[in-house]
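Comments concern the structure below.
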2 protein chains.
Amino acid sequence: MIPAQTPEDRPAGQARQLPPATVSRLTLYLRTLNALLADGVENVSSDALAESAGVGSANVRKDLSHLGSYGTRGVGYDVANLSRQIAQALGLTHEWRVAIVGAGNLGRALARYAGFESRGFDVVALLDADQMVIGTEIGWLRVSDVANLESVLESTRANMVVLALPAQVAQSVCDRVVEAGVHSILSFAPVALSVPEHVNLRKVDMATELQILAYHAQRLQEPGLERDRPGA
Amino acid sequence: MIPAQTPEDRPAGQARQLPPATVSRLTLYLRTLNALLADGVENVSSDALAESAGVGSANVRKDLSHLGSYGTRGVGYDVANLSRQIAQALGLTHEWRVAIVGAGNLGRALARYAGFESRGFDVVALLDADQMVIGTEIGWLRVSDVANLESVLESTRANMVVLALPAQVAQSVCDRVVEAGVHSILSFAPVALSVPEHVNLRKVDMATELQILAYHAQRLQEPGLERDRPGA
DNA sequence: AAATGTGAATTTCTTCACAGCC
DNA sequence: GGCTGTGAAGAAATTCACATTT
């Protein structure tokens, strides 16, 4: 009978489900907005945002329109307000406590990465399986034994986990993390992990990125070598 | 008008431009195939590949069909052959020499990351601006002075560059890299870089990934407006 | 005049479903 | 029977273009 909810229905600022492509671009806009904010800039156009994110301006406007109408025609967007709206839509007003599993080269680099702290992500634990590493201090954290994963997650109330460990052990640690009730996982392990439906898993894979570059590079590099037909 | 050219036109093994989404999945299939190869498995079905890459099997078949018909109906794909075909399509038969700029935590982690070497990417140089770090050995490499970027890129014949440096200096180093003739760049700097048309730039951004996780986590966590209570 | 917000058109990507081959 | 390869259908994302507002 009554439609579930018309757009005007929802409390201002409470967007319904955003398209995935939009979500990832919103993070880019947010970064630009925060830089502008630091510079004291008050207004920004969709064109300027598009430029700094490397997308089209119509795309920016459509993305932002999913959050509501926060722009002013003829003027642009208020930097401070839009930054706030995006942060809220992305859930960055919550407190996120991140545990990093794996204190190898990558895990250590991540633990010290200033970008996390400055964006509202608190690194609350660093764990490893190597007895030589457990107990040492890295950054301002003491490395915990991954054998105690469950209790560390609980005592630190971590609600996100970053996996920075070898492919061989990634799945089993991942299972324990899920079992322990953490449902947001970012994996750097070069392997596909399987998780239950309700778990959010994202992957970052550096070798994959290089391979994609290789594909494009190769195609530029041999423009017409063995091509029977020159040009289009 | 006459269609440009039919698929049968192209020399076997010389694929036409692949859709971007396909390229990134091919890297996943390749990883699985190489693992199977190491295990001595000879055949694999699109279903099995789909499972290990976390996509649908029709998607796998469509992706692979862009390379040509390398499967056998009723049987599946020959692991060794398919691995070779994908590697070739991705341009991994070339020799890729990677220079890493920035020997901070992340740069060091990348320099030691075994995943690169094992996938045909040769890390040939590591550069930094810090006099305390220049000249020290990390992994197999001696850290060079980024002031000599151009000559290092030339002498090592690097054809890819990984940027692992702070946002403030990323653009200027990026410009020098492009000017020096390297057209494939993977950036870990949390900033949008602008490059000429013909340069391939990819970005990996850890803070962005966490923000996307935060968005999804928040939605699960939100005390449902019209959501069922998560009790099951 | 300037720039947003948005339906409509377009392109790209995914999924379906089944013919064809082993 | 089992599994690939692929047109056709469907869904998602992007781009266009312009009415609308300041």
Side-chain angles (χ1 to χ4, degrees), chain A residues 6-8 10 12-13 15-29 32-33 36 41-79 81-82 85-86 89 212, chain B residues 3-4 6-10 12 15-29 32-33 36 41-79 81-82 85-86 89 212:
Chain A
T6 64
E8 298 91 319
R10 67 177 183 244
R16 248 341 49 215
Q17 176 147 333
L18 300 171
T22 293
V23 172
S24 69
R25 280 188 302 265
L26 285 177
T27 69
L28 304 180
Y29 308 151
T32 298
L33 288 167
L36 292 174
V41 178
E42 291 190 358
N43 278 97
V44 66
S45 68
S46 58
D47 251 318
L49 277 177
E51 160 86 24
S52 83
V55 302
S57 68
N59 211 332
V60 171
R61 291 197 299 279
K62 182 138 296 191
D63 286 339
L64 297 180
S65 75
H66 286 113
L67 307 182
S69 284
Y70 296 116
T72 308
R73 292 169 198 242
V75 177
Y77 301 88
D78 180 84
V79 172
N81 182 42
L82 187 57
Q85 296 300 338
I86 293 178
I212 295 173
Chain B
T6 62
E8 297 93 318
D9 251 355
R10 65 172 185 249
R16 186 109 277 95
Q17 172 149 329
L18 301 170
T22 292
V23 172
S24 69
R25 280 187 303 264
L26 285 177
T27 68
L28 304 180
Y29 309 151
T32 298
L33 288 167
L36 292 173
V41 178
E42 291 190 357
N43 280 287
V44 66
S45 67
S46 59
D47 251 318
L49 278 177
E51 161 85 24
S52 83
V55 302
S57 68
N59 211 331
V60 171
R61 291 198 297 281
K62 178 84 67 179
D63 285 340
L64 296 181
S65 76
H66 286 112
L67 307 181
S69 285
Y70 296 115
T72 308
R73 288 164 200 245
V75 178
Y77 301 87
D78 179 83
V79 172
N81 182 42
L82 187 56
Q85 296 300 337
I86 294 179
I212 294 172

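Reminder, nothing fancy here: chain letters follow the sequence lines and each chain counts from 1. Any value given below was found using the heavy atoms of this structure, including those in side chains, with hydrogens, waters and symmetry copies removed.
- From Asn59(B), atom CG reaches atom CG of Leu49(B) across 12.0 Å, with rounding to the nearest 0.5 Å.
- Shown here for Ser24(B) and Thr27(B), the closest heavy-atom pair between the two residues is O-OG1, 2.7 Å.
- Bounding nucleotides for the chain B contact on DNA chain D, 5' to 3', at a heavy-atom distance below 4.0 Å, are dG2(D) to dA8(D).
- Contacts between residues 41-54 of chain B and DNA chain C, counted as heavy-atom distances below 4.0 Å, involve no residue at all.
- Residues Ala53(B) and Tyr29(B) approach most closely at CB-CE2, 3.8 Å, considering heavy atoms.
- When the options Val23(A), Leu18(A), Thr22(A) are evaluated for a side-chain contact (heavy atoms from CB on, under 4.5 Å) with Asp63(A), the one that passes is Thr22(A).
- Note that CG of Leu26(B) and CG of Leu64(B) are 6.5 Å apart. Values are rounded to the nearest 0.5 Å.
- Remark: side-chain polar atoms of Asp78(A) are not paired, donor with acceptor, to backbone N or O of Asn43(A) under 3.5 angstrom.
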| field | Where protein sits on nucleotides 9-17 of chain C, one letter per nucleotide: B base, S sugar-phosphate only, - none, heavy atoms under 4.0 Å | value | ----SSBBB
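- Put simply, CG on Leu67(A) is 13 Å from C1' on dG5(C), counting in whole angstrom units.
- The line from CZ of Arg25(A) to CD1 of Ile86(A) is 11.5 Å long, rounded to the nearest 0.5 Å.
- Atom C1' of nucleotide dA3(C) and atom CZ of Arg73(A) are separated by 9 Å, given to the nearest angstrom.
- Taken to the nearest 0.5 Å, the CD atom of Gln85(A) stands 11.0 Å off from the OG atom of Ser69(A).
- Rounding to whole angstrom units, OH of residue Tyr77(B) and C1' of dC22(C) are separated by 14 Å.
- The OH atom of Tyr70(B) sits 9.5 Å away from the CG atom of Leu82(B) when rounded to the nearest 0.5 Å.
- Of all the heavy atoms in Asp47(B) and Ser57(B), the pair that sits closest is OD1-CB, 3.7 Å.
- Between Leu64(A) atom CG and dA3(C) atom P there is a gap of 15 Å when expressed in whole angstrom units.
- Between Ser69(A) and dG5(C) there is a side-chain polar atom (N or O) within less than 4.0 angstrom of OP1 or OP2.
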